[in-house]
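Single-structure report; data block below.
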There are 2 protein chains.
Amino acid sequence: MGRERATLADVARRAGLSKTAASMVLNGREGTRLSAEAHQRVFAAAEELGYRPNVAARSLRTRKTATIAFVSDIVATTRFAGGLIRGALDAARERDHVLLITETQGDATFERYAIEAILDRQVDGVIYAAMATRRLAVPPAILGGPVVLLNATSPEPLPCVLPDDEGAGAMIAETLLAQGHRDRIALIGRNRQKELDPEISLAADARLRGIRSTLAAAGVALLTEGFCPEWLPEHGYAAMRTLLDRPTRPTAVICMNDRLAFGAYQALGEAGLSIPGDLSVISFDDDPIAAWLRPGLSTAALPHEQMGRRAVEVLLDGGDGGASLVPMPLRRRRSVAAPDA
Amino acid sequence: MGRERATLADVARRAGLSKTAASMVLNGREGTRLSAEAHQRVFAAAEELGYRPNVAARSLRTRKTATIAFVSDIVATTRFAGGLIRGALDAARERDHVLLITETQGDATFERYAIEAILDRQVDGVIYAAMATRRLAVPPAILGGPVVLLNATSPEPLPCVLPDDEGAGAMIAETLLAQGHRDRIALIGRNRQKELDPEISLAADARLRGIRSTLAAAGVALLTEGFCPEWLPEHGYAAMRTLLDRPTRPTAVICMNDRLAFGAYQALGEAGLSIPGDLSVISFDDDPIAAWLRPGLSTAALPHEQMGRRAVEVLLDGGDGGASLVPMPLRRRRSVAAPDA
DNA sequence: ATGCTCTGCTAAATCAGTTTAGCGACGTGG
DNA sequence: CCACGTCGCTAAACTGATTTAGCAGAGCAT
């Protein structure tokens, strides 16, 4: 790429000045005593030649590359990754940076490759992202420079960006309470593994905490809590069927994510029950499917783009070193209503 | 990043040789007359020091960066992008390259920024990707180096990688014919804009061609063709309801994509019709939702990862300069059966 | 003994920037 | 009249690799 590009030397020559002068002017160095006229000439020359500095040459000297490494365990399949990347991309562009993306797939060999590629290229910082909110071990090799954890925490005291799952849980509980639901609120998606092992998930426990504490504050307890081995539609379907077999039918169901909710919709459809007439449903994530369901599913949205954006901001502008909790906004659709009187 | 890394000079010193010798040995240069012993010493020294070449320094001289730019119109929201990126990432890693990702969002300013970032960094090649299979205009500035179009074509004669939508259409038609469906096959998702304007979509027309020619070869014509302003669930829902109002009910429905099929499922569920007992449904894309539906939706999968992978291969290993059609495999699930006898 | 080739290796230039150290001209105070 | 400081600018070093040009010594033929 890059046909005969103009170099700094070309600019300097055209401006009738030295490379030093040109460099200083173009970098807006303070405290230099170059005349206003010299400034003009350099800018003009650079403009006329369409000059753009060679990043390799510059970073050889300065050790800065205006490049951020985005390392994640799994990039694809999930649109979650896409959102994180897009947010990061936007924020990076605003700060004149670019993203170098690598994926470890949780594989040690791939991780090593990613780390080496990053170190070889002297990136200015690393965003280490996980696809499921969880705790992970950061490879020590990258701790030499700035690191931000995205959708993850680690044993090391590194700045991290997380969705506010607990807040979302509270908000969801409040939403149901506000509609008048009380003692017949059920939950689908209990899962000890997810709740207890932070290396698997931080979201399950946080969401549950938010829900429970808010209900408890209103003097309400969950009617039942359906277990699910995974948070997939088929498990939501099964859990909902079990729920409908019980003597007391709930007035509202909280699903731990939208895929479970989708399964719940399927079971309710088969049972001939209507949402939200017979039962309200509310959930977490704002998977695209939430908007496609009939009726649309009310859900607390994972703020992917915000998170990706925040990660870059913390990395480049410096964070307070702690955790950034990004709020999960509630998407209000038609799946929640007041219970039958 | 990168605490005191060893440089080539360090390696040379430790090996008791010149930088020249060290460089040649490590690059495996042919035709050099360095002794076997010199080779040993250099390798040993490099190993002991954990030497890794500085990419900036190297590329300053060689103009090679082992970096590929992945430019796309829209990265996020769609998991399609994720698949393309992941495939490209894998293939790049196998060839010791790394991906620099930028997004234009279809915005001229952003595109300019992306191009400049790419040129400044002297990437070895560019993958220009579109999220919807379509024809696009490649900015002339990147034509100085190797370019591969991914999921897109362009007026310029550039190598491109596309899904085989026409083949998929044919395969879908054959699948229905093989099950015994004949004169009562309907289609949902006609859309003149998509079919006629290659800048919007190449897929619509290709899929339709494949379907029609295969049916025609069997002496069959489509029963009806439902129009849809967009390929979203709500439009599939509406189209399916219209279809059900007609006197002859089809035995099978081909949806132009899975989101339409999802809408169709919703309409069928409401109408109390069962899939595939009353009606078979088949579709394109293999959106994750296809596997989540009850029954699972048979669909021709967009081969995202293969395509991303292929793009890198063509870029780096050299393609034949033409279009690479990547086959769309049929995911057989339970939504297709023989029509009622 | 001289010239030649071949072997094994190295000094120095180069890539395109940034940064350090300092030079000549001018004005000014003693 | 001279020392000194300020102004406006530049030469040269430096970053870490690759690459070109070429040197010293050995072996061989004449």
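With respect to Glu37(A) and Arg41(A), a salt bridge is recorded, a charged nitrogen being found less than 4.0 Å from a carboxylate O.
Atoms NZ (Lys64(B)) and P (dC15(C)) sit 17 Å apart, rounded to a whole Å. Rounded to whole Å, atom P of dT6(D) lies 18 Å from atom CG of Leu34(A). Gln122(A) places its CD atom 8 Å from the P atom of dG16(D), with the value rounded to the nearest Å. One interatomic measurement links the two molecules: NE2 of His39(B) to C1' of dG8(C), which rounds to 12 Å at whole-angstrom precision. Here dG16(D) presents its C1' atom at 16 Å from CG of Leu119(A), a figure rounded to the nearest Å. Whole-Å rounding puts the Leu60(B) CG to dA16(C) C1' distance at 5 Å. The nearest whole Å value for the distance from the CZ atom in Arg33(A) to the C1' atom in dA25(C) is 13 Å. If you take CD of Glu30(A) and P of dG8(D), they are 16 Å apart, rounded to a whole angstrom.
For Lys19(B) and dG16(D), a side-chain-to-base donor-acceptor distance below 3.5 Å is absent, hydrogens and geometry of angles not being considered. For Arg61(A) against dT15(D), a side-chain-to-base donor-acceptor contact under 3.5 Å is absent. In terms of polar N and O atoms assigned as donor or acceptor, the side chain of Thr20(B) comes within less than 3.5 Å of the base of dA11(C) in a complementary pairing.
Thr32(B) has no side-chain polar atom (N or O) that falls below the 4.0 Å cut-off from OP1 or OP2 of dC9(C). When the side-chain nitrogen and oxygen atoms of Ser18(A) are compared with OP1 and OP2 of dT10(D), one or more of them lie within a distance under 4.0 Å. At least one side-chain nitrogen or oxygen of Arg63(A) sits closer than 4.0 Å to the OP1 or OP2 atom of dG16(D). Between Arg58(A) and dA16(C) there is no side-chain N or O to OP1 or OP2 distance below 4.0 Å.
With no hydrogens or angles considered, a side-chain donor-acceptor pair links Asp124(B) and Thr65(B) at under 3.5 Å. For the residue pair Asp73(A) and Thr104(A), no side-chain donor N or O sits within less than 3.5 Å of a side-chain acceptor on the partner.
A donor-acceptor pair under 3.5 Å links the side-chain atoms of Arg121(A) to the main chain of Ala117(A), judged by distance alone. Side chain of Arg309(B) to main chain of Gly87(B): no donor-acceptor pair is present (N/O by atom type, distance under 3.5 Å, no hydrogens or angles). Side-chain N or O atoms of Ser23(A) include none that pairs as donor or acceptor with a backbone N or O of Lys19(A) at under 3.5 Å. A donor-acceptor distance shorter than 3.5 angstrom exists from the side chain of Arg95(A) to the backbone of Ala91(A), with no hydrogens or angles considered.
Place Asn54(A) and Leu17(B) on DNA chain C by their nearest nucleotides, and Leu17(B) ends up nearer the 5' end.
Residues from residues 21-29 of chain A with heavy atoms under 4.0 angstrom of DNA chain C, sorted by number: Ser23(A), Met24(A), Asn27(A), Arg29(A).
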